Amino acid sequence: MAKTRTSQNVNDPAWRQRAVSRSLSAARARAELRVQRFLDAAFELIDAKGTTEFTIQEVVDRSKQSLRGFYQYFDGKDELLFALLEETLRESLEDLGEAVESESEPLGRLRAFTIRLHEWCEPLGAKRKRGAHNRIPMSEFSIQLALKDSESVAAVTAPISRMLIDLVDAAAAAGAIRVTETRRTALLIQQTVMYGWLMNRLVPNPRSRVTAEDAWEFCLHGLGG
């Protein structure tokens, strides 16, 4: 995420290349540590406030680093928030993968993905079911960002979409579901689950909200299962 990059001359002697490589590796490790301290500080502020309404100075102070150091790695608060979104989605992808790998049958794997995706998208009620940080502010930020920069959101969520496409492909190949266009089917599942989170916020009675099992049953019967 650092803005400066140093190229290495391939014609340098091998000893010089090794020395420069070690130097760059050490500098890279220090930079990653500094960036992580900024990210950790921002996550702590989100957890404490329940919102992304914090200032860069608050992040700097909590991280015990400098404002100059912050701008060495981030253009501003929006870039920091996008980095936090990437971290949240990386964590969700790992968790989704673990849920899928706990099942052996194609339909069971698809169900596990759908249920777990709903749990990640549904931050209402108890503080949180999945993940290390409060997801509500990041979910709200992702919606706002999608309205301004849909390509960036699509790019960062692409690994989750690809995992779902693979699962639909496998379930269709096994004859567990009957679909004609697996990519479109995957898109419908993803949108049904993720949009359900947004609409659940408009339902005041918790017992009337769409649950993970509701979403799965709807998707399954819509697939002709």
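Just so it is clear, the structure is predicted and the values come from calculations on it, not from any experiment.
The two residues Gln190 and Ser161 make their nearest non-hydrogen contact at OE1-OG, 3.1 Å. Residues Pro206 and Pro204 share a closest heavy-atom pair of CD-O, 3.2 Å. Across Ala42 and Phe54, no two heavy atoms sit closer than the pair CB-CZ, 4.1 Å. Closest approach of Ala215 and Val193 over heavy atoms only: CB-CG2, 4.3 Å. The nearest pair of heavy atoms linking Ala186 to Leu164 is O-CD2, 3.1 Å. For the residue pair Thr157 and Ala154, the shortest heavy atom distance occurs at OG1-O, 3.3 Å.
For the atom pair CG (Leu110) and CD1 (Ile115), the distance works out to 10.0 Å, reported to the nearest 0.5 Å. The line from CG of Leu188 to OH of Tyr195 is 14.5 Å long, rounded to the nearest 0.5 Å. Rounding to the nearest 0.5 angstrom, the gap separating the CD atom in Gln72 from the CG atom in Leu67 is 12.0 Å. Within the model, atoms CD of Glu91 and CD of Glu86 stand 14.0 Å from one another, a figure rounded to the nearest 0.5 Å. Within the model, atoms NZ of Lys148 and CD1 of Ile143 stand 13.0 Å from one another, a figure rounded to the nearest 0.5 Å. Interatomic distance, Leu39 CG to Arg34 CZ, rounded to the nearest 0.5 Å: 14.0 Å.
Glu213 and Arg111 are joined by a salt bridge, as a carboxylate oxygen and a charged side-chain nitrogen come within less than 4.0 angstrom of each other. Using a cut-off of 4.0 Å between Lys/Arg side-chain N and Asp/Glu carboxylate O, Arg62 and Glu58 are scored as not salt-bridged.
Other residues, nucleotides and ligands contribute over 12 non-hydrogen atoms within 6.0 Å of the CZ atom of Arg90. The environment of CD in Glu94 is crowded: more than 12 heavy-atom neighbours from other residues, nucleotides or ligands sit within 6.0 Å.
Counting heavy atoms from C-beta on, the side chains of Val60 and Gln57 come closer than 4.5 Å. Taking the side chain as every heavy atom from C-beta outward, Ile189 and Phe113 never approach each other to under 4.5 Å. Residues Leu84 and Ile46 have side chains in contact (heavy-atom distance under 4.5 Å, counting atoms from C-beta outward).
Glu79 places a side-chain N or O within donor-acceptor distance of the main-chain N or O of Asp75, the cut-off being under 3.5 Å. Put simply, the side chain of Arg37 gets close to the backbone of Ser63: a donor and an acceptor are under 3.5 Å apart. Between the side chain of His118 and the backbone N or O of Val210, at least one donor-acceptor pair lies under 3.5 Å. Between the side chain of Glu119 and the backbone N or O of Ala212, no donor-acceptor pair lies under 3.5 Å.
Partner of Val153 under the side-chain contact (heavy atoms from CB on, under 4.5 Å) criterion, chosen from Leu145, Leu89, Leu147: Leu145. Checking each of Leu187, Asp169, Leu167 against Thr182 for a side-chain contact (heavy atoms from CB on, under 4.5 Å) leaves exactly one that passes, namely Asp169.
Under the 4.5 Å side-chain heavy-atom criterion for Ile, Leu, Val, Met, Phe, Trp and Tyr, Ile56 and Leu81 are members of the same hydrophobic cluster. Linking ILVMFWY residues whenever their side-chain heavy atoms come closer than 4.5 Å, directly or via other members, leaves Ile165 and Leu96 in distinct clusters.
Side-chain atoms of Thr52 and Glu140 include no donor-acceptor pair closer than 3.5 Å. For Ser92 and Asp95, the side-chain atoms include no donor-acceptor pair closer than 3.5 Å.
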Intermediate values then yes/no, side-chain contact (heavy atoms from CB on, under 4.5 Å), Thr88 and Trp120: CA-CA 10 Å; Thr88 301; Trp120 270 95; 4.3 Å; yes
Pair Leu45-Thr51, side-chain contact (heavy atoms from CB on, under 4.5 Å): steps then yes or no: CA-CA 8 Å; Leu45 287 167; Thr51 176; over 6 Å; no
Criterion side-chain contact (heavy atoms from CB on, under 4.5 Å) on Arg109 and Glu101, from CA distance to verdict: CA-CA 7 Å; Arg109 291 164 67 86; Glu101 290 304 315; 3.2 Å; yes
side-chain contact (heavy atoms from CB on, under 4.5 Å) assessment of Phe74 paired with Val35: CA-CA 9 Å; Phe74 301 100; Val35 169; 3.9 Å; yes
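Phe82 does not carry Lys77 over the face of its six-membered ring by the limits of under 6.0 Å from the centre and within 45° of the normal.
Note on residues 25-47: pairs passing ring-ring contact (aromatic ring centres under 6.0 Å, His included), not counting sequence neighbours, are Phe38-Phe70, Phe43-His133.
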